[in-house]
Amino acid sequence: MSQTDGALLEVRGICKQFPGVVALDNVNLTLNHAEVLAVIGENGAGKSTLMKILAGVEHPGAGEIRIEGRPVNVDSVTRATELGIALIHQELNLHDNLDIGANVFLGREPRWSSFLPLIDFPTLYRETETILRRLGLDCSPRTLVRNLPVAQQQMVEIAKALSVNARILIMDEPTSSLSQHETEQLFHVIRDLKTQGVSVVYISHRLGEVKEIADRVLALRDGKNAGELAREEINHDHMVKLMVGRDLVQFYVHTPHDPGKTVLEVERLVTPAHPAHEISFTLRTGEIVGLAGLVGAGRTELARVLFGVERPLAGRVRLNGAEIHLSSPREAIQAGLALVPEDRKQQGLILEMAVRENISLAALDRYQTASLIRRDEEWRLAQRLTGQLRIRTPSIEQEVQYLSGGNQQKVILAKWLSLRPLVLILDEPTRGLDVGAKREIYGLMEELAKEGVAILMISSELQEILGMSDRVLVMHEGRLAGELPRDRLSEESIMHLATGAAA
Ligand SMILES: Nc1ncnc2c1ncn2[C@@H]1O[C@H](COP(=O)(O)OP(=O)(O)OP(=O)(O)O)[C@@H](O)[C@H]1O
Ligand SMILES: [Mg+2]
């Protein structure tokens with residue numbers, strides 16, 4: 001018997017190649033009983049690929065998987081489920097025209113009896129309800145998934161995994177669209193599962209969360225093992241060093257700017273989501289303005305109205321002094337606005353198209369000259385942004401669907417950055433990005449601001465707001481609760497306004 005005898009799961013020498021990419025190179029992983037193992041690494045390091053292999057979605061080119069010492073062949077998702085392995089994918093995997101219960105039990109619906117293969121709906125909904133309560137959700141199991149906010153859809157994914165009674169629960173960035181409260185709820189569930197003997201593999205770019213929940217950390221870099229940390233060694237700097245291979249000094253590159261002339265004036269704007277409140281503010285060229293607030297404060301709604309996705313109920317918007325009335329994002333783009341939306345999966349990529357085409361998609365109108373010039377321009381643009389954002393891809397001709405989750409996000413950012421807009425609205429610009437990529441984005445924002453772009457940055461990460469903003473607008477329940485200049489910025493002053501205390 002080997003010395004690691006007693007481990008629940010042992011992975012040895014896993015290799016996986018895709019055309020042009022070595023995703024995993026001789027990777028080892030050990031998971032003990034009732035432990036939370038965090039797997040960290042930069043975008044494209046191979047985390048999701050390794051998890052897909054464990055869950056029978058992908059097949060390794062080489063290597064061995066053992067469960068409680070016995071070699072197993074995880075050649076299908078069904079086999080993985082039998083072995084007690086469940087994977088919650090990085091991208092949501094739900095049928096949004098079905099209700100919660102139907103999604104949770106899809107393909108495994110309880111039957112009245114083996115003779116009467118009719119679905120036992122009362123049992124299905126009752127069991128779904130039990131799991132939802134366990135997750136702290138108080139919506140009905142009959143709610144259609146499409147009517148749920150993204151955060152709750154994520155919880156349905158988790159419910160699905162819990163319903164198969166997995167012993168090894170793999171979560172690939174489960175909190176990327178959860179609020180702080182929902183994240184706490186999830187951690188509660190994870191700790192609960194641990195006491196029941198379940199082991200969890202937890203993938204996240206949010207190092208604060210990793211520190212809070214992980215018993216051990218395993219880092220991957222360029223498809224290889226990059227080191228491990230025991231519980232008492234887990235801290236931000238250690239993790240960054242393992243992931244990036246060096247210390248990252250001076251994380252936020254921001255130096256305060258002298259803002260230029262007013263470019264955007266928003267006057268008594270009323271959004272459909274919060275009809276009782278008027279919002280007024282201005283943006284000036286070359287400044288980065290943070291838009292802070294708790295989830296649901298109305299920041300995304302405001303961005304959507306400014307970008308012409310929704311019509312305002314009242315109020316005025318002026319761009320360079322001229323009033324604008326936008327009735328579509330297309331018109332917004334033509335006027336000189338750009339929005340990097342929060343929900344990037346749905347609003348931004350054509351997965352079957354190349355990186356190059358996706359990047360130039362929104363900018364095409366700009367190159368409505370001879371098609372030859374356009375192709376040339378398109379190619380140069382895509383090359384430049386792929387390099388600047390360090391998008392990890394064998395070439396700009398690679399289809400976007402084959403990129404890692406974080407790298408797909410970078411493509412969406414590149415697409416909007418290529419527009420060189422007057423006003424750039426970024427909604428959670430670094431969600432799901434690794435620390436290195438975050439820094440690239442900050443650098444790029446800084447560059448754009450220097451060139452005179454006015455940037456409005458919505459973010460739920462206080463550190464990012466503090467680190468990058470020239471001033472900060474804080475929203476609370478649909479209204480602008482206050483504005484803070486740079487010299488009055490602190491976590492306390494922002495939270496004070498965000499939670500509804502008077503300015
Ligand atoms: N089906 C595929 N075809 C081609 N290349 C792929 C495929 N799946 C993944 N890759 C490549 O393998 C590498 C590892 O990707 P993976 O999705 O495992 O990264 P990750 O660590 O999960 O990154 P992220 O933090 O961005 O989610 C990347 O370079 C990716 O582009
Ligand atoms: Mg991934």
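Along the sequence shown, residues carry numbers from 1. All of these numbers come straight from a predicted model, not from anything done at the bench.
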- Message: Assess the residue pair R384 and W379 against the criterion (side chain to side chain contact (heavy atoms under 4.5 Å, CB included)); give the C-alpha distance rounded to whole Å, side-chain angles, the decisive distance to 0.1 Å, and a yes or no.
- Response: CA-CA 9 Å; R384 180 169 57 77; W379 190 88; over 6 Å; no
- Just do the salt bridge (charged side-chain N to carboxylate O under 4.0 Å, His left out) check on E461 and K438 with the steps written out, would you? CA-CA 12 Å; E461 265 189 58; K438 276 186 181 173; 3.2 Å; yes
- Task: List the steps and the verdict of side-chain hydrogen bond (donor to acceptor under 3.5 Å, both in side chains) for T175 and E209.
- Result: CA-CA 9 Å; T175 58; E209 286 180 4; 2.7 Å; yes
- Item | CA sep, side-chain torsions, deciding dist, call: E58, T49, side-chain hydrogen bond (donor to acceptor under 3.5 Å, both in side chains) | CA-CA 7 Å; E58 294 275 8; T49 304; over 6 Å; no
- With side-chain hydrogen bond (donor to acceptor under 3.5 Å, both in side chains) as the test, would you mind laying out the steps for T143 and D99 before giving the verdict? CA-CA 5 Å; T143 316; D99 64 26; over 6 Å; no
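Here the CG-CG distance, from L54 to L29, works out to 6.5 Å after rounding to the nearest 0.5 Å. To the nearest 0.5 Å, atom OG of residue S199 and atom CG of residue N32 are 7.5 Å apart. The structure places CG of L87 at 8.5 Å from NZ of K52, a figure rounded to the nearest 0.5 Å. For the atom pair CD of E397 and CZ of R356, the computed distance is 4.0 Å after rounding to the nearest 0.5 Å. Between L50 atom CG and K16 atom NZ the span is 12.0 Å, to the nearest 0.5 Å. Annotation: the span from I288 atom CD1 to Y442 atom OH amounts to 11.0 Å, rounded to 0.5 Å.
D25 has a carboxylate O that lies under 4.0 Å from a charged side-chain N of K224, or vice versa, which qualifies the two as a salt bridge. Under 4.0 Å is where a charged nitrogen must lie from a carboxylate oxygen, and between R392 and D222 at least one such pair does. Salt bridge status for R299 with D427: absent, with no side-chain N to carboxylate O gap under 4.0 Å. Comment: E451 engages R420 in a salt bridge, judged by a side-chain N to carboxylate O separation of less than 4.0 angstrom. Between R380 and E378 there is no salt bridge, since no side-chain nitrogen of the basic residue lies less than 4.0 Å from a carboxylate oxygen of the acidic one. E68 has a carboxylate O that lies under 4.0 Å from a charged side-chain N of R167, or vice versa, which qualifies the two as a salt bridge. The residues E447 and K450 are annotated as not salt-bridged, no charged nitrogen and carboxylate oxygen being separated by less than 4.0 angstrom.
Counting heavy atoms from C-beta on, the side chains of Y202 and I213 come closer than 4.5 Å. Looking at V145 and N97, their side chains never come closer than 4.5 Å, going by heavy atoms from C-beta outward. The side-chain heavy atoms of L403 and V355, taken from C-beta on, include a pair separated by under 4.5 Å. Side-chain contact between P141 and F105: absent, with no pair of heavy atoms (C-beta onward) separated by less than 4.5 Å.
Looking at every heavy atom in both residues, V27 comes nearest to N225 through CA-OD1, 3.2 Å. Of all heavy-atom pairs between V11 and I14, the closest is CG1-CG1, 3.1 Å. Heavy-atom minimum distance, A414 versus L385: O-CD1, 3.4 Å. Contact detail for I458 and P429: the closest heavy-atom pair is O-CD, 3.5 Å. Closest heavy-atom contact between S163 and K160: OG-O, 2.7 Å. Taking both residues in full, the closest heavy atoms of I396 and Q383 are given as CD1-NE2, 3.9 Å, listed atom of the first, atom of the second, then distance.
With 3.5 Å as the limit, one finds a donor-acceptor pair spanning the side chains of E173 and H205. Side chains of E464 and T430: a donor on one and an acceptor on the other come within 3.5 Å. Counting only N and O atoms by type, the side chains of R108 and T81 include no donor and acceptor under 3.5 Å apart. Donor-acceptor pairing under 3.5 Å is recorded for the side chains of Q401 and E399. In this structure, a donor-acceptor pair under 3.5 Å is absent between the side chains of S459 and R431.
T30 pairs in a side chain to side chain donor-acceptor pair (under 3.5 Å) with only one of the listed residues (E228, R12, E35), which is R12. Test L339, L456, L291, L413 against L426 for side chain to side chain contact (heavy atoms under 4.5 Å, CB included) and you get one pass: L413. Under the side chain to side chain contact (heavy atoms under 4.5 Å, CB included) rule, L169 has a single partner from L193, V201, V164, which is L193.
With a 6.0 Å radius and a threshold of 12 heavy atoms from other residues, nucleotides or ligands, K211 has its NZ atom at or below the threshold. Counting non-hydrogen atoms of other residues, nucleotides and ligands closer than 6.0 Å to CG of D138 gives a total of 12 or fewer. Around the CZ atom of R133, the shell of radius 6.0 Å holds more than 12 heavy atoms that belong to other residues, nucleotides or ligands. Atom CZ of R231 sits in a crowded spot, with more than 12 heavy atoms from other residues, nucleotides or ligands closer than 6.0 Å. Around the NE2 atom of H59, the shell of radius 6.0 Å holds more than 12 heavy atoms that belong to other residues, nucleotides or ligands. No more than 12 heavy atoms of other residues, nucleotides or ligands lie within 6.0 Å of OH in Y402, so this atom counts as exposed by the packing criterion.
Proximity of a side-chain donor or acceptor of N358 to a complementary backbone N or O of L349 within less than 3.5 Å is not detected. In this structure a side-chain-to-backbone donor-acceptor pair under 3.5 Å is present from K47 to G41. Remark: side-chain polar atoms of S469 are not paired, donor with acceptor, to backbone N or O of L466 under 3.5 angstrom. Under a 3.5 Å cut-off, the side chain of Q153 and the backbone N or O of L148 do form a donor-acceptor pair. Between the side chain of Q408 and the backbone N or O of V400 there is at least one donor-acceptor pair closer than 3.5 Å. Within the 3.5 Å criterion, the main-chain N or O of S360 finds no donor-acceptor partner in the side chain of S418. Without hydrogens or angle criteria, N43 side chain to L433 main chain gives no donor-acceptor distance under 3.5 Å. Under a 3.5 Å cut-off, the side chain of E233 and the backbone N or O of A230 do form a donor-acceptor pair. A donor-acceptor pair is defined here as one N or O able to donate and one able to accept, closer than 3.5 Å; no such pair exists between the side chain of D172 and the backbone of I203. For R216 (side chain) and A38 (main-chain N/O), no donor-acceptor pair under 3.5 Å exists by modelled atom type.
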